[in-house]
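For the single chain, residues carry numbers from 1 onward in sequence order.
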Amino acid sequence: MTYRVCFVCTGNICRSPMAESVFRARVAEAGLDTVVEVDSAGTGGWHEGEGADPRTETVLLEHGYGADHTARKFDPAWFARLDLVVALDESHRGALRRLAPTERDADKVRLLRSYDPASGDDLDVPDPYYGGPDGFDACLEMVEAASTGLLAAVREHVEGQAP
């Protein structure tokens, strides 16, 4: 059975494609790429059909990650097929929970940094869009740190499933 994870930010051109790329790499390194599907979307459709922000692509490529991406808007109907919806900040988490058709679907929504014990009380990944390259580097660091804990949680779930 495939476990499906979708990362969600605002426009699906900075944070969520970065998280998707990093987590996809972690899943492949762990040998789980045949049982875990990773994608991303935005809460809004402003950038649908576009690639990732060039600064996101640059940071990803500089750190050895893939950067192939096409932006899209999150569709509430996806809740039915998704196992985990990972929000990049509290505003996304709230928006996604409001979009969820059922309470069970709303419970699928988690903040990415909640998987990083070192994040403390600040669980938002700040939007780097209006800043310079340093914001994209900081975003990648947060995503990488949280991806370790997220992978552990997903692995536990996947390995706990009966074949």
Side-chain angles (χ1 to χ4, degrees), residues 3-27 36-60 63 65-67 69-79 81-154 157:
Y3 190 85
R4 292 175 176 87
V5 179
C6 183
F7 294 93
V8 181
C9 71
T10 306
N12 193 218
I13 60 169
C14 295
R15 294 171 285 178
S16 59
M18 189 179 291
E20 175 187 358
S21 183
V22 169
F23 195 64
R24 182 175 283 121
R26 295 289 188 277
V27 165
V36 178
E37 182 181 291
V38 182
D39 64 7
S40 66
T43 56
W46 310 278
H47 299 286
E48 279 187 290
E50 297 176 18
D53 184 289
R55 297 165 295 177
T56 296
E57 292 176 348
T58 297
V59 168
L60 287 171
H63 289 86
Y65 297 107
H69 176 73
T70 303
R72 61 195 185 136
K73 182 180 177 185
F74 187 86
D75 183 335
W78 298 350
F79 274 108
R81 68 173 174 80
L82 293 170
D83 297 290
L84 183 61
V85 181
V86 184
L88 276 289
D89 72 25
E90 185 58 45
S91 70
H92 306 129
R93 181 181 166 279
L96 289 162
R97 288 183 58 82
R98 286 188 298 277
L99 288 173
T102 68
E103 189 59 37
R104 182 172 178 244
D105 290 328
D107 289 342
K108 295 177 182 180
V109 181
R110 298 279 187 271
L111 285 166
L112 176 62
R113 291 192 71 203
S114 69
Y115 293 97
D116 178 6
S119 65
D121 293 334
D122 184 7
L123 299 181
D124 286 355
V125 176
D127 189 350
Y129 185 76
Y130 294 104
D134 290 351
F136 287 82
D137 290 328
C139 182
L140 180 63
E141 288 175 22
M142 291 178 199
V143 166
E144 287 178 327
S147 290
T148 301
L150 176 57
L151 179 64
V154 169
H157 181 81

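- Counting heavy atoms from C-beta on, the side chains of Ile13 and Thr56 never come closer than 4.5 Å.
- The closest donor-acceptor contact from the side chain of Arg113 to the backbone of Asp122 lies under 3.5 Å.
- With a 4.5 Å cut-off on side-chain heavy atoms, Asp83 and Val5 do not count as touching.
- Judged by distance alone, with hydrogens and angles left aside, the side-chain atoms of Arg98 form a donor-acceptor pair with the main-chain N or O of Gly94 at under 3.5 Å.
- Summarising the geometry of Phe136 relative to Cys14, their closest heavy-atom pair is CE2-SG, 3.8 Å, with the distance given to 0.1 Å.
- Side-chain N or O atoms of Arg26 include none that pairs as donor or acceptor with a backbone N or O of Thr148 at under 3.5 Å.
- Between the side chain of Ser21 and the main chain of Gly66, a donor-acceptor pair closer than 3.5 Å is present.
- Looking only at side-chain heavy atoms (C-beta outward), Met142 and Ser119 stay at 4.5 Å or farther from each other.
- Under 3.5 Å, the side chains of His47 and Asp53 contain no donor-acceptor pair of N or O atoms.
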* Check the pair Ser40, His69 against side chain to side chain contact (heavy atoms under 4.5 Å, CB included), reporting the backbone distance first and the verdict last. => CA-CA 9 Å; Ser40 66; His69 176 73; 3.3 Å; yes
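- Checking Arg15 against Thr10 by side-chain atom types alone, a donor-acceptor pair falls below 3.5 Å.
- Counting heavy-atom neighbours within 6.0 Å of Arg104 CZ, excluding the residue itself, gives a total of 12 or less.
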* To do: Evaluate the side chain to side chain contact (heavy atoms under 4.5 Å, CB included) criterion for residues Tyr129 and Arg55: first the C-alpha distance (whole Å), next the side-chain angles of each, then the deciding distance (0.1 Å), finally the verdict.
  => CA-CA 9 Å; Tyr129 185 76; Arg55 297 165 295 177; 3.7 Å; yes
* To do: Could you check Phe7 against Val143 for side chain to side chain contact (heavy atoms under 4.5 Å, CB included), going step by step and ending with a plain yes or no?
  => CA-CA 11 Å; Phe7 294 93; Val143 166; over 6 Å; no
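- When all heavy atoms are compared, the tightest approach of Leu99 to Phe79 is C-CE1, 4.1 Å.
- Here the closest heavy-atom approach between residue Glu57 and residue Ala52 is recorded as OE2-O, 3.5 Å.
- Contact annotation: the side chain of Glu20 approaches that of Asp39 to within less than 4.5 Å [non-hydrogen atoms, C-beta and beyond].
- The closest side-chain heavy-atom distance from Trp78 to Arg4 is not below 4.5 Å.
- Ring-plane geometry between His157 and Tyr3 is classed as tilted, the angle between the planes lying from 30 to 60 degrees on a 0 to 90 degree scale.
- Here the straight-line distance linking atom CG of Asp89 with atom CG of Leu111 works out to 7.5 Å at 0.5 Å rounding.
- The two residues Ala146 and Tyr115 make their nearest non-hydrogen contact at O-CB, 3.5 Å.
- Of all the heavy atoms in Gly42 and Val8, the pair that sits closest is C-CG1, 4.1 Å.
- Under the 4.5 Å side-chain criterion, counting only non-hydrogen atoms from C-beta, Val22 is in contact with Leu60.
- Using a 4.0 Å cut-off between charged side-chain N and carboxylate O, Asp105 and Lys108 make a salt bridge.
- Between Lys73 and Asn12, every side-chain heavy-atom pair lies at or beyond the 4.5 Å cut-off.
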* To do: Could you give me the CA-CA distance, side-chain angles and deciding distance for Leu123 and Asp116, then say whether side chain to side chain contact (heavy atoms under 4.5 Å, CB included) is met?
  => CA-CA 9 Å; Leu123 299 181; Asp116 178 6; over 6 Å; no
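- Between the Thr58 side chain and the Pro54 main chain, a donor and an acceptor come within less than 3.5 Å of each other.
- The shortest distance between side-chain heavy atoms of Val85 and Phe74 falls below 4.5 Å.
- Here the SG-CG distance, from Cys139 to Asp137, works out to 9.5 Å after rounding to the nearest 0.5 Å.
- Ala100 and Ala106 get closest at one heavy-atom pair: CB-N, 3.4 Å.
- In this structure, CG on Asp107 lies 11.5 Å from CG on Leu84, to the nearest 0.5 angstrom.
- Put simply, the residue from Val86, Val38, Leu82 that forms a side-chain contact (heavy atoms from CB on, under 4.5 Å) with Cys6 is Leu82.
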